[in-house]
Colleague: 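Below: one structure in structure tokens.
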Amino acid sequence: MQAKQQEIEMIEEIRPNYTRISTILEPYNDYDSIPEEILGIAAERGTRIHGLCELYAREGIYMPSEYDGFTGAFKKWFDREVETVLETECRLYCETYEITGQFDLLVRLKTKQLFVVDIKTCVAKHKSWPLQVAAYSYLYAQKTGKNHTFYERAVVHLKKDGRYGFYEYPRRETDLDLFMSALKLHRYFKKG
């Protein structure tokens, strides 16, 4: 997974000395037993699905593809729940901690709540998701000058069979504290 992560980082041209949120949380995702080739295929699939979802969120264009189960799930969720799209694929940086992250959507739901949303296409739910979206919410709050608790946080988990899960993560302080602990551990072990 690390080789694929480095390949993606090179394409995205991350600022020097900045660490991606996903890299910080990578040790806590259980991918060790999955062959590198399979992880590469899954990463490529995820990138394509994200692009198709962004196209629908931004332009309302639904493109049929081999990923119709995933994108159909996204379209169902989006049409049922989203009122307004405020941002898509937003890359953010924090100078204080030299971290960067890119969330998939900032939306106002029909409930009138503002949500930082990340899209996931993997098979299983991961314990790192609430920490990841807490960090994204923190970064976006830094950009806007708001408190990080201003934005709700969630993951839309798309499934191949056209179903989806929408997971809200309301434990803002706990999740952000856990992310900051992971950041400290990352720096201790990786940066000395």
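Along the sequence shown, residues are numbered consecutively beginning with 1. Please read these numbers as outputs of a predicted model, since none were measured by experiment.
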Colleague: Can you confirm whether the side chains of D79 and Y56 place a donor and an acceptor under 3.5 Å from each other?
Modeller: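 The answer is yes; a qualifying pair exists.
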
Colleague: Charged N to carboxylate O under 4.0 angstrom, K143 versus E87?
Modeller: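 Answer for the salt bridge query: yes.
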
Colleague: Compare all side-chain heavy atoms of K110 with those of V82 and state whether any distance is below 4.5 angstrom.
Modeller: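 The answer is no; the side chains never approach within 4.5 Å.
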
Colleague: Taking the cut-offs as 6.0 angstrom to the six-membered ring centre and 45 degrees off its axis, would you call K159 and Y164 a cation-pi pair?
Modeller: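 Ring-cation test returns no.
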
Colleague: Tell me if the NZ atom of K184 is crowded by more than 12 foreign heavy atoms within 6.0 Å.
Modeller: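 No, the 6.0 Å shell around NZ holds no more than 12 heavy atoms from other groups.
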
Colleague: Check this for me: K160, atom NZ, are more than 12 non-hydrogen atoms of other residues, nucleotides or ligands nearer than 6.0 Å?
Modeller: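 No, because the 6.0 Å sphere around NZ of K160 holds 12 heavy atoms or fewer from other groups.
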
Colleague: Distance check, rounded to the nearest 0.5 Å: E81 atom CD versus L109 atom CG?
Modeller: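 The CD atom of E81 sits 6.5 Å away from the CG atom of L109.
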
Colleague: Can you check whether A182's main-chain N or O pairs, donor with acceptor, with H186's side chain at less than 3.5 Å?
Modeller: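 Answer holds: no.
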
Colleague: Sub-3.5 Å donor-acceptor pair from the side chain of S137 to the main-chain atoms of V133, do we have one?
Modeller: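 It does not hold such a pair.
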
Colleague: Could you label the plane-to-plane angle of the H157 and Y167 rings as parallel, tilted or perpendicular, counting under 30° as parallel and over 60° as perpendicular?
Modeller: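 Judged by the thresholds at 30° and 60°, the geometry between H157 and Y167 is tilted.
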
Colleague: Please report the shortest heavy-atom distance between M63 and L55, naming the atom on each side.
Modeller: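 Here M63 and L55 meet closest at CG-CD2, 3.3 Å.
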
Colleague: Test side-chain contact (heavy atoms from CB on, under 4.5 Å) on Y138 and M180 and set out the steps.
Modeller: CA-CA 11 Å; Y138 172 81; M180 290 300 183; 4.1 Å; yes

Colleague: On the 0 to 90° scale, with breaks at 30° and 60°, tag the F103-Y136 ring pair as parallel, tilted or perpendicular.
Modeller: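 F103 and Y136: tilted rings.
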
Colleague: Between K120 and V155, is there a donor-acceptor pair closer than 3.5 Å when you use the side chain of the first and the backbone of the second?
Modeller: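 Flag not set: sc K120 to bb V155 has no pair under 3.5 Å.
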
Colleague: Please say yes or no: joined through hydrophobic side-chain contacts below 4.5 Å, possibly via intermediate residues, are V123 and V156 part of one cluster?
Modeller: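 No, V123 does not connect to V156 through the hydrophobic network.
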
Colleague: At what distance, to the nearest 0.5 angstrom, does CZ of R20 lie from CD1 of I14?
Modeller: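 Going from the CZ atom of R20 to the CD1 atom of I14 covers 5.5 Å.
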
Colleague: Will you find, in the side chains of Q142 and Y93, an N or O donor that is under 3.5 Å from an N or O acceptor?
Modeller: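 Per modelled atom types, Q142 and Y93 side chains form no pair under 3.5 Å.
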
Colleague: How many angstroms lie between atom CD1 of I49 and atom CD of E54, to the nearest 0.5 angstrom?
Modeller: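 I49 CD1 to E54 CD: 14.0 Å, rounded to 0.5 Å.
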
Colleague: Compare every heavy atom of D175 with every heavy atom of R153, then report the nearest pair and how far apart it is.
Modeller: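 Nearest heavy atoms, R153 then D175: NH2-OD2, 3.2 Å.
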
Colleague: Could you tell me whether K75 sits above the aromatic face of F78, with NZ or CZ closer than 6.0 angstrom to the six-membered ring centre and within 45 degrees of the axis?
Modeller: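 Judged by the rule (NZ or CZ under 6.0 Å from the ring centre, within 45° of its axis), K75 is not positioned above F78.
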
Colleague: Over all heavy atoms of both residues, which pair between L25 and S128 is shortest? Give the atoms and the distance, please.
Modeller: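 Smallest interatomic distance, heavy atoms only, reads CD1-O, 3.9 Å.
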
Colleague: Please tell me if the side chains of Y18 and I99 come closer than 4.5 Å, counting only heavy atoms from C-beta onward.
Modeller: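 Result no, sub-4.5 Å side-chain heavy-atom pair not found.
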
Colleague: For the rings on F115 and F166, is their centre-to-centre separation under 6.0 Å?
Modeller: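 Yes, ring centres under 6.0 Å apart.
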
Colleague: Inspect the contact between E83 and K112 and indicate whether a charged nitrogen and a carboxylate oxygen are less than 4.0 angstrom apart.
Modeller: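 Salt bridge present between K112 and E83.
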
Colleague: Ring of Y67, cation from R45 - is the NZ or CZ under 6.0 Å from the centre and inside 45° of the axis?
Modeller: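 Relative to the ring axis of Y67, which defines the angle, R45 lies outside at least one limit.
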
Colleague: Please find the pair of heavy atoms, one from L105 and one from W77, that lie closest to each other, and give the distance.
Modeller: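 Looking at all heavy atoms of both residues, the closest pair is CD1-CZ3, 3.9 Å.
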
Colleague: When rounded to the nearest 0.5 angstrom, what is the spacing between OG1 in T19 and CD1 in I24?
Modeller: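 T19 atom OG1 to I24 atom CD1 measures 5.5 Å (nearest 0.5 Å).
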
Colleague: Does V117 form a side-chain contact (heavy atoms from CB on, under 4.5 Å) with V107? I'd like the steps, not just the answer.
Modeller: CA-CA 8 Å; V117 177; V107 294; 4.0 Å; yes

Colleague: Give a yes or no on whether F74 and L106 share a hydrophobic cluster (residues Ile, Leu, Val, Met, Phe, Trp, Tyr; joining criterion: side-chain heavy atoms under 4.5 Å apart).
Modeller: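 Not linked; separate clusters.
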
Colleague: Quick one: pull up CD1 in I119 and CZ in F70 and give me the separation to the nearest 0.5 Å.
Modeller: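 Taking CD1 in I119 and CZ in F70, the distance rounds to 12.5 Å.
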
Colleague: Check the pair R91 / T100 against side-chain hydrogen bond (donor to acceptor under 3.5 Å, both in side chains), numbers first and verdict last.
Modeller: CA-CA 7 Å; R91 167 67 58 198; T100 183; 3.0 Å; yes

Colleague: For C53 and L158, which heavy atoms make the closest approach, and how far apart are they?
Modeller: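 In this case the closest contact between C53 and L158 is SG-CD1, 3.8 Å.
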
Colleague: Does a side-chain heavy-atom distance below 4.5 Å link E89 with D104?
Modeller: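 Counting from C-beta outward, E89 and D104 do come under 4.5 Å.
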
Colleague: Might you point out which heavy atoms bring Y151 and T144 nearest each other, and give the distance in Å?
Modeller: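 Shortest heavy-atom contact: OH-OG1, 3.0 Å.
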
Colleague: Going by heavy atoms in the side chains, are T174 and F179 under 4.5 Å from each other?
Modeller: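 No - every pair of side-chain heavy atoms lies 4.5 Å or more apart.
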
Colleague: How long is the straight-line distance from SG of C94 back to CG of L139, given to the nearest 0.5 Å?
Modeller: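 If we round to the nearest 0.5 Å, L139:CG and C94:SG are 6.0 Å apart.
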
